[in-house]
Number of protein chains: 2
Amino acid sequence: MEVKNYLLDYNNLFIIQDTNMFSFSLDSVLLANFATINKACNKILDIGTGNAPIPLMLSTKTDSKIVGVEIQKEVSDLAKKSVEINSLENQIKIVNEDINDFYLKCESDSFDVITCNPPYFKDCIINNSLYKTVARHENFLTLNKICKISKKVLKNKGNLVLVHRPERFVEIIDEMRKNNIEPKRVRFVYPKIGKEANILLIEGKKNGRPGLKILDPLYVHSDDGSYTFEVEKFFKGEKNDSE
Amino acid sequence: MEVKNYLLDYNNLFIIQDTNMFSFSLDSVLLANFATINKACNKILDIGTGNAPIPLMLSTKTDSKIVGVEIQKEVSDLAKKSVEINSLENQIKIVNEDINDFYLKCESDSFDVITCNPPYFKDCIINNSLYKTVARHENFLTLNKICKISKKVLKNKGNLVLVHRPERFVEIIDEMRKNNIEPKRVRFVYPKIGKEANILLIEGKKNGRPGLKILDPLYVHSDDGSYTFEVEKFFKGEKNDSE
């Protein structure tokens, strides 16, 4: 494995990544900004944390402890390095383990929030890069499993927050509800004005009451191709209006 | 009953309404514009047709036969008058009957499209106006029943098109899927930029394959409070771009 490290600046935070594996992505930035993190929150789980962009970004908006679980050794090593560089070892713990094994050892009802930027594709194609295969395809982590894990380890009224693809929205709702997680907040993300949504942000509450809010649409690009003002703010780690 | 008739101009169409009952609404306009009506379509059912705004508006974009069913006698009489004034008796048939009885007499798999602007509220409150109670509350027509009826009388691959409230989106998806209607197209309608969606347009296909499209957002009002250009076009009955 040829490791190339990149340092990215996000709210004075450094995130190491290797483009041979996968990169700090728009999806993770959107998820970290979308998630509702209350002041009382004291334990967050990030499933399939990769090089830990979500725990790192969340650390700028909460003092909660954050556990990031990553199945791939080399990727979790990068995550650990980023945590060290930012001196966040007291807040963020990276675990190199299959979440399907890890959660069995977790106490029930122990996390306030679970975040996940999961594999989007249902099929089990093997890419040239094993790293990318694991991150993108549901070989090791299905939507069903994410919801089952959340049902077990989320506290009562705790939130599961996902970034996903709109075409799987119906299935996400099904899986959440089968596991007593009620979809409560959704934000659709559009590449630009006039296009269909291509990213879905969704937050569900364990044992929540029915009633869904569809937040205002988020546009990623302006007509000239540049990031919109709102997304640019997200990338810089600036607080958004809803916080 | 004090009947006041209003004539509204929509693409050279006259629609009679009585504000004591309920009025030709934005919801119906949005639904009529949103519905996919193929050229091969030859039979449409509008459930709870009221004073028939949806059949009347659809008649401007299809030659298909349209049946509008309305439980309330006085309201269906207004609908019949509008059909006559517009000389559309050959295309639109208004039936004064409870849809729960009517559909039992329909052939299975006989409609290409079902449209419905249903009661939005789950509870069974009785308003001062019986007309408004029936139109707004699920006393006589539940979401579950609409989907059951559609399962029976829609052709294979026929579409059910609803306008509803976003907070009931999850339930709509549940009910559709329980009845083999797969949600395929959704458009959220926002009162203005920066606000949550307050209207949901959804189209599901009987025995359709999973895969949902979230269309571009529709804004109703501009910052100055006037209708947006797109909604203004809808009110005038002008064709939209997707047709």
Side-chain angles (χ1 to χ4, degrees), chain A residues 34 120-123 143 147 164-205 208-221 223 228-230 240-242, chain B residues 34 120-123 143 147 164-205 208-221 223 228-230 240-242:
Chain A
F34 173 73
Y120 293 138
F121 301 110
K122 243 186 134 87
D123 53 341
L143 201 45
C147 293
H164 221 290
R165 293 289 171 255
E167 53 266 35
R168 296 194 61 193
F169 186 36
V170 172
E171 193 186 344
I172 293 167
I173 285 180
D174 264 8
E175 292 293 350
M176 281 189 167
R177 296 194 100 199
K178 273 189 221 154
N179 290 287
N180 301 341
I181 296 165
E182 185 64 33
K184 296 295 289 178
R185 281 171 78 230
V186 162
R187 194 170 194 192
F188 289 104
V189 184
Y190 299 79
K192 56 190 281 190
I193 288 176
K195 297 285 180 190
E196 286 169 17
N198 61 351
I199 298 175
L200 160 71
L201 297 161
I202 181 165
E203 190 169 80
K205 193 176 280 301
R209 289 197 306 175
L212 180 67
K213 285 192 176 182
I214 305 290
L215 306 193
D216 59 315
L218 176 60
Y219 299 101
V220 174
H221 295 288
D223 276 346
T228 56
F229 180 67
E230 187 168 9
N240 66 33
D241 298 338
S242 66
Chain B
F34 174 73
Y120 291 138
F121 301 110
K122 242 187 136 86
D123 53 340
L143 202 45
C147 293
H164 221 291
R165 293 289 171 255
E167 52 266 36
R168 297 194 61 193
F169 186 37
V170 171
E171 193 187 344
I172 293 167
I173 285 180
D174 265 8
E175 292 292 350
M176 280 189 165
R177 297 193 100 198
K178 272 190 221 154
N179 290 287
N180 302 340
I181 295 166
E182 185 64 33
K184 297 294 289 177
R185 282 171 78 230
V186 162
R187 193 168 195 194
F188 289 104
V189 184
Y190 299 80
K192 56 191 280 190
I193 287 176
K195 297 285 180 190
E196 287 169 16
N198 61 351
I199 300 175
L200 159 72
L201 298 162
I202 182 165
E203 191 169 80
K205 193 176 279 302
R209 290 196 306 174
L212 180 67
K213 285 192 177 183
I214 306 289
L215 305 194
D216 59 317
L218 176 60
Y219 299 102
V220 174
H221 296 287
D223 276 345
T228 56
F229 180 67
E230 187 168 10
N240 67 33
D241 297 337
S242 65

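Just so we're on the same page: letters track the sequence lines, and every chain starts at 1.
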- Message: If I take atom CG from residue B:L212 and atom CZ from residue A:F169, how far apart are they, to the nearest 0.5 angstrom?
- Response: 7.5 Å
- Item | Proximal component of A:I173, with respect to chain B [non-hydrogen, under 4.5 Å] | side chain
- Which bit of A:P210 comes within less than 4.5 Å of chain B, counting heavy atoms only: side chain, backbone, both or neither? neither
- Against chain A, label B:P166 side chain, backbone, both or neither, depending on which of its atoms sit under 4.5 Å from a heavy atom there. both
- Within residues 197-204 of chain A, residues adjacent to chain B where the heavy-atom gap is under 4.5 Å: A:A197
- Item | With sequence neighbours excluded, residues passing side-chain hydrogen bond (donor to acceptor under 3.5 Å, both in side chains) with A:E167 | none
- Of A:E182, A:K195, A:M176, A:R177, the largest count of non-hydrogen pairs under 4.5 angstrom with chain B goes to A:R177
- Select, from B:P183, B:G194, B:G211, the one with the greatest count of heavy-atom pairs under 4.5 Å involving chain A. B:G194
- Message: Taking the side chain as everything from C-beta on, heavy atoms only, tell me whether B:L215 gets closer than 4.5 Å to A:E196.
- Response: yes
- Message: Give me the atom names and distance for the closest heavy-atom approach of B:D216 to A:Y190.
- Response: CA-CE2, 3.7 Å
